[in-house]
**Q** 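Okay, handing you the structure first.
No experiment lies behind these values; they were computed from the predicted model shown.
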Amino acid sequence: MRAAVFLVVLLALGAPVAAQRQSLGIFSQWGAFSESEPRRCFAIAEPMRSPRALDWKPFASISYWPERRVGGQVHFRPSRVKREGAAVLLKIDGRPFQLLAGGVDAWAPDARGYVEIVSAMRRGIDMTIETRSERGAFVREYYQLRGAATAIDA
């Protein structure tokens, strides 16, 4: 049920490009989608536990952009704008990864980081993202990784 609601919300958020977006499947907590303009595909999930979002839905995604020769690009959007200078820490089954972040978005620091994170996600059980909000509150979001590998492969 949660996956169906997630799909409806995701498609509603992208209404202007919904005609170009195609679902490749819902795999537990993860969805896989493709878009024709620009040509890309991605696996995406909402956190299972998160502070109430303000103006956007938090998510974790892994994107592939064939024409740009970019694959396995990891992107996170926490529920809060991070504090200036605050670290964003990703943990997969307790293994830490330091992310680069700006405002509301966070990424791996380089291509090697993308490979390591995606590899850990494929084998992992759960994942958390932690930071401090611009007001100083501790922000932790929890994701289940069940279905992530299948969504990435789709």
Side-chain angles (χ1 to χ4, degrees), residues 1-7 9-11 13-14 17 20-51 53 56-83 85-133 138-154:
M1 180 63 169
R2 180 175 167 85
V5 171
F6 170 71
L7 176 61
V9 169
L10 183 66
L11 291 174
L13 290 174
V17 294
Q20 300 169 1
R21 183 171 294 154
Q22 177 183 352
S23 172
L24 302 175
I26 302 297
F27 309 96
S28 192
Q29 303 302 317
W30 289 78
F33 298 88
S34 67
E35 290 182 348
S36 56
E37 196 59 45
R39 190 167 162 244
R40 72 179 182 132
C41 57
F42 56 97
I44 189 167
E46 291 181 297
M48 295 297 294
R49 291 192 301 265
S50 175
W56 59 86
K57 288 207 153 287
F59 64 84
S61 68
I62 302 93
S63 298
Y64 293 84
W65 305 77
E67 277 122 21
R68 297 179 189 173
R69 297 179 189 242
V70 174
Q73 185 177 48
V74 182
H75 177 208
F76 302 95
R77 178 158 296 160
S79 60
R80 299 281 187 275
V81 175
K82 78 168 199 73
R83 178 193 280 179
V88 178
L89 185 64
L90 170 68
K91 291 181 184 176
I92 300 174
D93 293 342
R95 179 180 173 195
F97 298 90
Q98 186 72 42
L99 299 176
L100 294 179
V104 297
D105 296 298
W107 307 267
D110 53 31
R112 182 177 173 184
Y114 289 136
V115 170
E116 290 176 1
I117 290 170
V118 171
S119 177
M121 289 173 74
R122 287 177 164 282
R123 295 185 318 267
I125 296 170
D126 59 31
M127 170 173 86
T128 59
I129 298 172
E130 301 172 350
T131 192
R132 291 273 175 195
S133 75
F138 181 69
V139 177
R140 177 183 288 147
E141 293 167 347
Y142 173 80
Y143 291 83
Q144 289 184 340
L145 293 172
R146 184 173 174 210
T150 307
I152 292 166
D153 290 343

**Q** Between Trp30 and Ala151, which heavy-atom pair has the shortest distance, and what is it?
**A**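 Where Trp30 meets Ala151 most closely, the heavy atoms are CB-CB, 3.7 Å.
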**Q** Nearest 0.5 Å, please: how far is CD in Glu35 from CZ in Arg21?
**A**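 Rounded to the nearest 0.5 Å, the CZ-CD separation comes to 4.0 Å.
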**Q** Run the side-chain hydrogen bond (donor to acceptor under 3.5 Å, both in side chains) check on Gln73 and Trp65 step by step: do they pass?
**A** CA-CA 9 Å; Gln73 185 177 48; Trp65 305 77; 3.2 Å; yes
**Q** Could you tell me whether the side chain of Met127 reaches within less than 4.5 Å of the side chain of Tyr142, counting heavy atoms only?
**A**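 No. Closest side-chain heavy atoms not under 4.5 Å.
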**Q** How long is the gap from CD1 on Ile92 to CZ on Phe97, to the nearest 0.5 Å?
**A**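 Reported to 0.5 Å precision, the distance equals 4.5 Å.
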**Q** With rounding to the nearest 0.5 Å, note down the distance linking OG in Ser61 to CZ in Phe33.
**A**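 Those atoms lie 11.5 Å apart.
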**Q** Is there a side-chain contact between Ile62 and Met121 (heavy atoms, below 4.5 Å)?
**A**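 Yes, at least one pair of side-chain atoms sits under 4.5 Å.
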**Q** Kindly confirm or rule out a cation-pi arrangement of Arg40 over Phe42, judged by NZ or CZ under 6.0 Å from the six-membered ring centre and within 45° of its axis?
**A**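 Yes - Arg40 lies over the ring of Phe42, closer than 6.0 Å to its centre and within 45° of its axis.
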**Q** Considering non-hydrogen atoms only, spot the tightest contact between Pro109 and Gln98 and give its length.
**A**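 Between these two residues, the closest heavy atoms are CD-O, 3.6 Å.
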**Q** Checking side chain to side chain contact (heavy atoms under 4.5 Å, CB included) for the pair Ser79/Val139: CA distance, chi angles, key distance, verdict?
**A** CA-CA 8 Å; Ser79 60; Val139 177; 4.0 Å; yes
**Q** Do Glu46 and Lys57 touch side chain to side chain, with heavy atoms closer than 4.5 Å?
**A**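 Result yes, sub-4.5 Å side-chain heavy-atom pair found.
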**Q** Of the non-hydrogen atoms in Pro78 and Pro58, which two are nearest, and what is the gap between them?
**A**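 Here Pro78 and Pro58 meet closest at C-CB, 3.9 Å.
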**Q** Distance from Leu99 atom CG to Asp105 atom CG, nearest 0.5 Å?
**A**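 Here the rounded value is 11.5 Å.
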**Q** Locate the shortest heavy-atom distance separating Tyr64 from Gly71; write the atom from each residue and the value.
**A**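 Looking at all heavy atoms of both residues, the closest pair is CD2-CA, 3.3 Å.
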**Q** Can you list the steps and then say if Arg122 with Asp153 is a side chain to side chain contact (heavy atoms under 4.5 Å, CB included)?
**A** CA-CA 10 Å; Arg122 287 177 164 282; Asp153 290 343; 2.5 Å; yes
**Q** List the steps, then state whether salt bridge (charged side-chain N to carboxylate O under 4.0 Å, His left out) holds for Asp93 with Arg123.
**A** CA-CA 9 Å; Asp93 293 342; Arg123 295 185 318 267; over 6 Å; no
**Q** Taking all heavy atoms of Pro96 and all of Leu89, pick out the closest pair and write down the distance.
**A**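 Residues Pro96 and Leu89, closest heavy atoms: CB-CD1, 3.9 Å.
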**Q** Salt bridge (charged side-chain N to carboxylate O under 4.0 Å, His left out) for Arg112 and Glu116? Distances and angles first, verdict last.
**A** CA-CA 6 Å; Arg112 182 177 173 184; Glu116 290 176 1; 3.0 Å; yes
**Q** Any side-chain to backbone donor/acceptor pair from Lys91 onto Arg95? Under 3.5 Å, distance only.
**A**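 Answer holds: no.
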**Q** Quick one: closest heavy-atom pair of Ala45 and Gln29, and the distance?
**A**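 Smallest interatomic distance, heavy atoms only, reads CB-O, 3.4 Å.
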**Q** Would you say the side chain of Asp126 lies within less than 4.5 Å of the side chain of Leu145, judging by non-hydrogen atoms?
**A**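 No. Closest side-chain heavy atoms not under 4.5 Å.
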**Q** A side-chain contact here means heavy atoms from C-beta on lying under 4.5 Å apart; do Trp107 and Val88 qualify?
**A**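 Not touching, per the 4.5 Å side-chain cut-off.
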**Q** Kindly compute the distance separating CZ (Phe76) from CD (Glu141), expressed to the nearest 0.5 Å.
**A**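 Atom-to-atom, Phe76:CZ and Glu141:CD are 10.5 Å apart.
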**Q** So do the side chains of Tyr143 and Thr128 get within less than 4.5 Å of each other, counting heavy atoms only?
**A**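 With C-beta onward as the side chain, the pair stays apart.
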